[in-house]
Each structure stands twice: as structure tokens, then as C-alpha cells.
Asker: 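Handing you a structure now.
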Amino acid sequence: MEKNVAYWFAVHTRSRHEKQVDSFLREKNISSFLPLVKTISRRRDRKKFIDVPLFPGYLFVNITLDNLYEIKSTRGVVRIIGDGEGFIPSPIPDAEINNLKTLINSNVAIDPYKYLQKGTKVRVVSGPLIGLEGLLVKRKTNYRVVVSIDILQKSTSAEISIADIESID
């Protein structure tokens, strides 16, 4: 890794502190990305739509290696996800973050999905998710494209028409 190049890193936060940590990072002028999905909160007397993190306990930052201490010293941050040995943070490929942003910014219903390592790699060629790359899976009678963040071993999926995709080989 080069010292002056910005990389994406996954940040583990305290439980239910993702939005607060995201706010603290933005106050420090650090580029962060917290993928949120709308869900219904059911209370005794009402139902309400709320934004919840797609990957609870995690958010992403785009920083140079010089700014690692700024992240670690932010209130609510537990650690930067790394290889485990020597506590060296592991960068996330830009393509994985871009795929995740495409899913979040589309108006397609998305769900967390079990992490997959094998499957048919596909690219979306038409529709609101154009350019997205992921794994094709079949769920009941529908096809879904699964986008994974390898370092977190977490995935999310969106329903897709089989006519909107092409295989990547």
C-alpha cells in the first residue's frame, strides 16, 4: 500500500453507534460511507420507517494511511478491520464499495444475505443497477444478485430480472 493514496477500510464500531461515529468522522472531514436501508419499526401503537445500517456495527472510510490514528481515536470506533496479525488494516477494493453504493442508491429492495464465495459472477447490463457486478443466486422463483464485502464476510442481495444480466468470465 502506498502512503499517499486513499484506500477504503472497514471500521468496526460499538454496538448501535454507527450513525454517531459517521457523524464524528464527517466533523473531522473524513470521507465515510454508512450504507443504510429503510425498514419498518413496529411499536405498540404505530409503525414507522427508519434507516438502519445494512451491516450492523460497521461503516467504511476512504483515507490515506497517515489518517489511521484519526479513525482509531474517534469516539465509538472499536478497530479498523485488518488481517489480524500485526494489526495492519486491510483495504477494500474500490469495486466492492462502488457496487454497494449502486445498490444503496437504487430504488430496489435489498436484503442482507449470507456471505457467498462461489457462484456465477454476473454484471448487470440494463435497469437501475446497470454496471453492478456480483454473484447470481436463485431464491424461490426469483433471481437475485449478491454483492459481498469480502473482508467483513457480509453480503447483500437485490432482486434482478434474468434478462438484465450477463455472465462475467
Asker: What residues, two or more places apart in sequence or in another chain, satisfy side chain to side chain donor-acceptor pair (under 3.5 Å) together with T13?
Answerer: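 None.
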
Asker: Out of curiosity, does Y69 fall in the hydrophobic cluster containing V78 (side-chain heavy atoms, cut-off under 4.5 Å, transitive links)?
Answerer: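 Unlinked, V78 and Y69 end up in two clusters.
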
Asker: Taking all non-hydrogen atoms of both residues, which atom of P128 and which atom of S106 are closest, and how far apart?
Answerer: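 Nearest pair, atom of P128 first, then S106: O-CB, 4.2 Å.
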
Asker: Could you give the distance from CZ (F55) to CD (E18), rounded to the nearest 0.5 Å?
Answerer: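 Atom-to-atom, F55:CZ and E18:CD are 12.0 Å apart.
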
Asker: What distance separates I88 CD1 from I80 CD1, expressed to the nearest 0.5 Å?
Answerer: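 If we round to the nearest 0.5 Å, I88:CD1 and I80:CD1 are 12.5 Å apart.
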
Asker: Looking at every heavy atom in both V124 and L129, which two are closest together, and how far apart are they?
Answerer: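 Scanning both residues completely, I find the closest heavy atoms to be CB-O, 3.3 Å.
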
Asker: Group every Ile, Leu, Val, Met, Phe, Trp and Tyr by side-chain heavy-atom contacts under 4.5 Å, then state whether I40 and I50 land in the same group.
Answerer: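 Not linked; separate clusters.
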
Asker: Could you pull out all donor-acceptor pairs under 3.5 Å where a side-chain atom in residues 57-64 meets a protein atom, sequence neighbours excluded?
Answerer:
none

Asker: Evaluate the side chain to side chain contact (heavy atoms under 4.5 Å, CB included) criterion for residues V37 and I104: first the C-alpha distance (whole Å), next the side-chain angles of each, then the deciding distance (0.1 Å), finally the verdict.
Answerer: CA-CA 7 Å; V37 292; I104 296 296; 4.3 Å; yes

Asker: For N107, look at atom CG and say whether over 12 heavy atoms of other residues, nucleotides or ligands are found less than 6.0 Å away.
Answerer: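 Not more than 12 within 6.0 Å, no.
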
Asker: Go through it in stages, so that I can follow the logic: the residues are V147 and L132, the test is side chain to side chain contact (heavy atoms under 4.5 Å, CB included), and I'd like the CA-CA distance, side-chain angles, deciding distance and then a yes or no.
Answerer: CA-CA 8 Å; V147 174; L132 181 88; 3.8 Å; yes

Asker: Does the side chain of I130 come within less than 4.5 Å of T102's, by heavy atoms?
Answerer: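 T102 does not reach I130 side chain to side chain.
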
Asker: Could you tell me which residues satisfy side chain to side chain donor-acceptor pair (under 3.5 Å) with E166, sequence neighbours excluded, listed by chain and number?
Answerer: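 With neighbours one apart ignored, the set is R123.
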
Asker: Would you give the length of the straight line joining atom OG of S148 to atom CD of Q153, rounded to the nearest 0.5 angstrom?
Answerer: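 Those atoms lie 10.0 Å apart.
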
Asker: For D164, what residues pass the side chain to side chain donor-acceptor pair (under 3.5 Å) criterion, not counting sequence neighbours?
Answerer: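 Only S126 meet the side chain to side chain donor-acceptor pair (under 3.5 Å) criterion with D164.
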
Asker: For I165 and V145: C-alpha separation, side-chain torsions, deciding distance, then whether side chain to side chain contact (heavy atoms under 4.5 Å, CB included) applies.
Answerer: CA-CA 9 Å; I165 60 171; V145 63; 5.7 Å; no

Asker: Hey, could you give me the CD/CD distance between E96 and E133, rounded to the nearest 0.5 Å?
Answerer: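 Here the interatomic distance stands at 11.0 Å.
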
Asker: Would you kindly confirm whether V52 and L152 end up in one hydrophobic cluster when ILVMFWY residues are joined by side chain heavy atoms under 4.5 Å apart?
Answerer: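 Looking at the clustering, L152 is in the same group as V52.
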
Asker: Does any N or O in the side chain of Y113 come within less than 3.5 Å of the main-chain N or O of R144, such that one atom is a donor and the other an acceptor?
Answerer: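 No.
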
Asker: When rounded to the nearest 0.5 angstrom, what is the spacing between CZ in R14 and CD in Q20?
Answerer: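 If we round to the nearest 0.5 Å, R14:CZ and Q20:CD are 8.5 Å apart.
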
Asker: After noting the C-alpha distance and the side-chain angles of D66 and N4, does the key distance pass the side chain to side chain contact (heavy atoms under 4.5 Å, CB included) rule?
Answerer: CA-CA 8 Å; D66 293 337; N4 297 332; 4.2 Å; yes

Asker: If you draw a 6.0 Å radius around OH in Y143, do more than 12 non-hydrogen atoms from other residues or ligands fall strictly inside?
Answerer: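 Open: at most 12 neighbouring heavy atoms sit under 6.0 Å from OH of Y143.
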
Asker: Give the table of side-chain donor-acceptor pairs shorter than 3.5 Å for residues 21-36, with sequence neighbours excluded, one pair per line with atom names and distance.
Answerer:
residue : atom : partner : partner atom : Å
D22     : OD1  : R26     : NE           : 3.4
D22     : OD1  : S32     : OG           : 2.4
D22     : OD2  : R26     : NE           : 3.2
R26     : NH2  : S32     : O            : 3.2
K28     : NZ   : E70     : O            : 3.1
K28     : NZ   : T74     : OG1          : 2.9

Asker: To the nearest 0.5 Å, what is the distance between CD1 (I110) and OG (S157)?
Answerer: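 Between atom CD1 of I110 and atom OG of S157 there are 8.5 Å.
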
Asker: Under the side chain to side chain donor-acceptor pair (under 3.5 Å) rule, collect the residues that match up with K38, sequence neighbours excluded.
Answerer: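 Here the qualifying residues are D51.
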
Asker: Work out which heavy atom in V11 is nearest to a heavy atom in V77; give both atom names and the distance.
Answerer: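 Looking at all heavy atoms of both residues, the shortest contact is CG1-CG1, 3.7 Å.
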
Asker: Donor-acceptor pair, distance only, cut-off 3.5 Å: does the side chain of T156 make one with the backbone of D111?
Answerer: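 It does hold such a pair.
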
Asker: Do F9 and I92 touch side chain to side chain, with heavy atoms closer than 4.5 Å?
Answerer: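 F9 does not reach I92 side chain to side chain.
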
Asker: Can you get from I168 to L103 by hopping between Ile, Leu, Val, Met, Phe, Trp and Tyr side chains that sit under 4.5 Å apart?
Answerer: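 No, because I168 and L103 fall into different hydrophobic clusters, even though each may have its own neighbours under 4.5 Å.
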
